[in-house]
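Some notes on the structure that comes next.
These values consider heavy atoms only, across backbone and side chains, with no hydrogens, waters or symmetry-generated copies. In what follows, every chain begins at residue 1, and chains take the letters A, B, ... in the order their sequences are listed.
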Protein chains: 2
Amino acid sequence: MENKDIFIKKLRSSGLRPTRQRIEICKVLYDRKKTFHFTINDLSKILKKKSNEKISLATIYNTVCAFKNRNYLKEISINSSKSYFDTNVSNHHHFFNESTDELIDLKNEDVGNIKLKKKIPGKKIKSVEVLVKIQDNN
Amino acid sequence: MENKDIFIKKLRSSGLRPTRQRIEICKVLYDRKKTFHFTINDLSKILKKKSNEKISLATIYNTVCAFKNRNYLKEISINSSKSYFDTNVSNHHHFFNESTDELIDLKNEDVGNIKLKKKIPGKKIKSVEVLVKIQDNN
DNA sequence: ACACTACTTTAGAATCATTATAAAGTAGGT
DNA sequence: ACCTACTTTATAATGATTCTAAAGTAGTGT
């Protein structure tokens, strides 16, 4: 597991102690080729299956929140019932498939440049996000 | 109250019986010049103050949900903790002020046209929404 | 290796928004 | 006035998330 060392560095570099649990979570999140979109519930289920460690829900919440704060994860709010997270923290947009509750990345180029013509004095822009909701043609 | 008749028509035309409670809610939502952004909690507080009727939370949820389904209200999800609603149901976008948890309308012209270059076969687009998060310059 | 301290994990309780339930009330047609 | 279907309501239930306080662990200094 050479990735493990990468995870340890990643954690350490941002002031998080590399604990067993955090490394297990890193493996699930970052030991993959493609972007991963998930809810806390998804992540919890995967950890139960793939990891020998029992990791409590509280730890999963704490860690995901820490990762979000360190910009290792991007949070996306689609509806009020739950939050989605994205391992792709680059600037990008999303499709949300309402038929399957699935999130799909949209590259920045896919959306084109967004030129905001309105500014609000005394405020700075933190993010500009486009969410395209789609449904099955039935 | 001539507006009351308008509310009654509005309700009736969409299959909702004009009850005392729904009319009180209509008054708060639509008896105003400007667009109104609110959470269920906001609405509940205003109703407690402005209306003589006691309206239960359940009714507020039911009615707001009915209005949303009839396209009398637009729902906006900013974060997982609660839903925002907008009496402006036209196609438009939003600023969300993270310093004050306040929602501000962005006209379509303010954002410019969004040209989606990616399509997903077999899916139809339900909505395209831009959310611009802002914060106070501190 | 040992001890110390601050950071972590954990189970479980607490909280908050939202939804469901089932009984009592009401609108609109007859 | 009467009926029936739709509404409201208080309350309980649910589900996501956060809090708590005790037990465990990492990293530092010895």
Hey, mind stepping through A/K74 and A/E129 against salt bridge (Lys or Arg N to Asp or Glu O under 4.0 Å) and telling me if it holds? CA-CA 12 Å; A/K74 194 186 178 85; A/E129 308 215 339; 3.5 Å; yes

Can you list, by chain and residue number, the hydrophobic cluster partners of A/I125 when the side-chain cut-off is 4.5 Å? A/F95, A/I104, A/L106, A/V111, A/I114, A/L116, A/I120, A/V128, A/V130, A/V132, A/I134, B/F95, B/I104, B/L106, B/V111, B/I114, B/L116, B/I120, B/I125, B/V128, B/V130, B/V132, B/I134

Hey, does the side chain of A/T39 reach the backbone of A/S83 with a donor-acceptor pair shorter than 3.5 angstrom? no

Is any side-chain heavy atom of A/N62 closer than 4.5 Å to a side-chain heavy atom of A/F67? no

Using the rule given for side chain to side chain donor-acceptor pair (under 3.5 Å), can you reason through A/H92 versus A/D110, listing the C-alpha separation, both sets of side-chain angles and the distance that settles it, and then say yes or no? CA-CA 9 Å; A/H92 69 289; A/D110 293 333; over 6 Å; no

Please give, in whole Å, the distance from D/dG27 C1' to A/L16 CG? 15 Å

Counting only non-hydrogen atoms, which of residues 17-25 of chain A are less than 4.0 Å from DNA chain D? A/R17, A/P18, A/R20

If we ignore hydrogens and angles and just use 3.5 Å, is the side chain of B/T59 paired with the main-chain N or O of B/I55 as donor and acceptor? no

Would A/R32 pass as a cation-pi partner of A/Y30, given that its NZ or CZ must be under 6.0 Å from the six-membered ring centre and within 45 degrees of the axis? no

Check this for me: A/K115, atom NZ, are more than 12 non-hydrogen atoms of other residues, nucleotides or ligands nearer than 6.0 Å? yes

Side chain to side chain donor-acceptor pair (under 3.5 Å) between A/N41 and A/S44, intermediate numbers included: CA-CA 5 Å; A/N41 192 37; A/S44 172; 5.3 Å; no

Please name the pair of heavy atoms, one in A/L11 and one in A/P18, separated by the smallest distance, quoted to 0.1 Å. CD1-CA, 3.7 Å

With heavy atoms of chain B within less than 4.0 Å as the criterion, where does contact along DNA chain C begin and end? C/dA17 to C/dG28

Strand contacts (DNA chain C) in residues 66-74 of chain A, 4.0 angstrom heavy-atom criterion: none

Please list, chain by chain and in numerical order, all residues satisfying side chain to side chain donor-acceptor pair (under 3.5 Å) with A/K133, sequence neighbours excluded. none

Flag if over 12 foreign heavy atoms under 6.0 Å of NZ, A/K107: no

Check whether more than 12 heavy atoms from other residues, nucleotides or ligands sit under 6.0 Å from atom NZ of B/K54, and answer yes or no. no

Nucleic acid contacts - residues 39-48 of chain A versus DNA chain D, non-hydrogen atoms under 4.0 Å: A/I40

Assert: residue with more 5' nearest nucleotide on DNA chain C, out of A/L57 and B/Y61, is A/L57

